Amino acid sequence: MPGSQTESNVAPDRAADRRHPRPPALAAPFTLTGTDGRRWSLSSALGRERILIVRNPSAAYLNTVRAQDTALQVRDLRVVALLPPDDARLNGPRTLMLTLLADPGGRIGAQYGPTTLIGKDRTLKARYPAPPALNTVGALIDTMPMRQQERQQRGR
């Protein structure tokens, strides 16, 4: 029918995506050294926490993360900052939900882009071109079915 919107009017690649959706991309595991000299593994956190990987965030962004530690705990959101080795920011104050890691050569940071959110189910939930405001990430997390179930169970 002229003027009607049917699947045939949609670009072929978009129509195919709806019929055969791609499986969600899974987070690639990595292990790096933390500021305390201990090894930290993404695999050890997945399933228990959501992870926001941020490549080379500013000191101001790290301070914002520190100030919102309680809100991060409520959403089981760990912020993992990937920084160059010997960077002064690696020696900044620690909080429960902020992990500072040395990323030699920027190899892991390049893999995850400027910022990537990984869900508890190990899938990549969002990519950001720059470190996002934490309330933006929190709003996205609050729409996720697993988070909604947690809110019902925990009452928060």
Side-chain angles (χ1 to χ4, degrees), residues 14 17-18 20-156:
R14 295 193 56 156
D17 284 348
R18 283 200 304 272
H20 305 289
R22 294 182 190 140
L26 294 177
F30 67 85
T31 302
L32 291 172
T33 302
T35 55
D36 57 3
R38 292 189 299 173
R39 307 287 281 166
W40 187 88
S41 171
L42 178 64
S43 299
S44 68
L46 293 175
R48 294 183 298 114
E49 297 175 324
R50 296 168 183 92
I51 307 293
L52 183 67
I53 298 175
V54 185
R55 181 179 63 196
N56 206 15
S58 68
Y61 189 80
L62 294 175
N63 287 335
T64 299
V65 170
R66 289 179 183 106
Q68 296 185 34
D69 195 66
T70 301
L72 298 174
Q73 290 175 45
V74 168
R75 290 184 174 88
D76 298 330
L77 177 61
R78 174 167 302 284
V79 176
V80 176
L82 302 177
L83 299 164
D86 301 322
D87 190 297
R89 291 170 292 174
L90 287 168
N91 300 317
R94 293 173 174 78
T95 63
L96 186 62
M97 301 308 286
L98 175 62
T99 299
L100 304 171
L101 299 174
D103 183 14
R107 183 179 55 86
I108 303 300
Q111 177 181 356
Y112 281 98
T115 309
T116 301
L117 176 63
I118 303 168
K120 285 185 175 182
D121 63 357
R122 298 173 169 79
T123 61
L124 303 182
K125 300 297 184 183
R127 291 184 180 266
Y128 301 92
L134 293 176
N135 62 346
T136 300
V137 177
L140 174 60
I141 289 170
D142 288 345
T143 67
M144 296 176 183
M146 188 178 293
R147 172 65 181 138
Q148 292 171 358
Q149 183 180 17
E150 292 168 358
R151 289 177 80 172
Q152 287 176 347
Q153 292 171 348
R154 297 178 187 173
R156 57 180 176 152

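Note that the structure is a prediction, hence the values are computed from the model and not measured.
Panel note: side chain R122, backbone A25; no donor-acceptor pair is recorded below 3.5 Å. Side-chain atoms of T123 never come within 3.5 Å of backbone atoms of K125 as a donor-acceptor pair (strictly under, hydrogens ignored). R48 contributes a side-chain N or O that, together with a main-chain N or O of S44, makes up a donor-acceptor pair within less than 3.5 Å. D69 contributes a side-chain N or O that, together with a main-chain N or O of M97, makes up a donor-acceptor pair within less than 3.5 Å. For the pair D103 (side chain) and I108 (backbone), a donor-acceptor distance under 3.5 Å is present.
The distance from the CG atom of D121 to the CG atom of L26 is 8.0 Å, given to the nearest 0.5 Å. Taken to the nearest 0.5 Å, the OG1 atom of T70 stands 10.0 Å off from the CD atom of Q68. A distance of 8.0 Å separates CG of L101 from OG1 of T33, quoted to the nearest 0.5 Å. The CD atom of E49 lies 9.0 Å from the CG atom of L46; values are rounded to the nearest 0.5 Å. Here CG of L90 is found 10.0 Å from CG of L82. Values are rounded to the nearest 0.5 Å.
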Derivation and outcome, side-chain contact (heavy atoms from CB on, under 4.5 Å), residues Q73 and D76: CA-CA 5 Å; Q73 290 175 45; D76 298 330; over 6 Å; no
Pair V54-Y128, side-chain contact (heavy atoms from CB on, under 4.5 Å): steps then yes or no: CA-CA 9 Å; V54 185; Y128 301 92; over 6 Å; no
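Using a 4.0 Å cut-off between charged side-chain N and carboxylate O, D36 and R94 make no salt bridge.
Annotation: R127, atom CZ; neighbour count of heavy atoms from other residues, nucleotides and ligands within 6.0 Å is above 12.
Listed here is the closest heavy atom pair of P57 and L83: CD-CD2, 3.7 Å. In plain terms, the two heavy atoms of P84 and R89 that are nearest each other are CD-NH2, 4.0 Å. Nearest heavy atom pair, residue P104 against residue P85, reads CA-CG, 3.7 Å. Scanning both residues, A28 and L42, for their nearest heavy atoms gives O-CD2, 3.4 Å.
Looking at Y61 and N56, their side chains never come closer than 4.5 Å, going by heavy atoms from C-beta outward. Taking the side chain as every heavy atom from C-beta outward, I141 and R50 approach each other to under 4.5 Å. Contact check for D142 versus R75: side-chain heavy atoms found under the 4.5 Å cut-off. Looking only at side-chain heavy atoms (C-beta outward), I53 and I118 come within less than 4.5 Å of each other. Counting only heavy atoms from C-beta outward, the side chains of Y112 and I51 never approach each other to under 4.5 Å. Side-chain contact between V65 and L52 is absent, with no heavy-atom pair separated by less than 4.5 Å. Here the side chains of L32 and W40 are not in contact, with every heavy-atom distance at 4.5 Å or above. Side-chain atoms of L62 and L100, non-hydrogen and from C-beta on, do get closer than 4.5 Å to each other.
In this structure, a donor-acceptor pair under 3.5 Å is absent between the side chains of R39 and T31. For the residue pair R78 / T99, a side-chain donor-acceptor distance below 3.5 Å is found, with atom types taken as modelled.
Evaluated for a side chain to side chain contact (heavy atoms under 4.5 Å, CB included) with R66, the options L98, L72, L96, V79 yield exactly one hit, L98.
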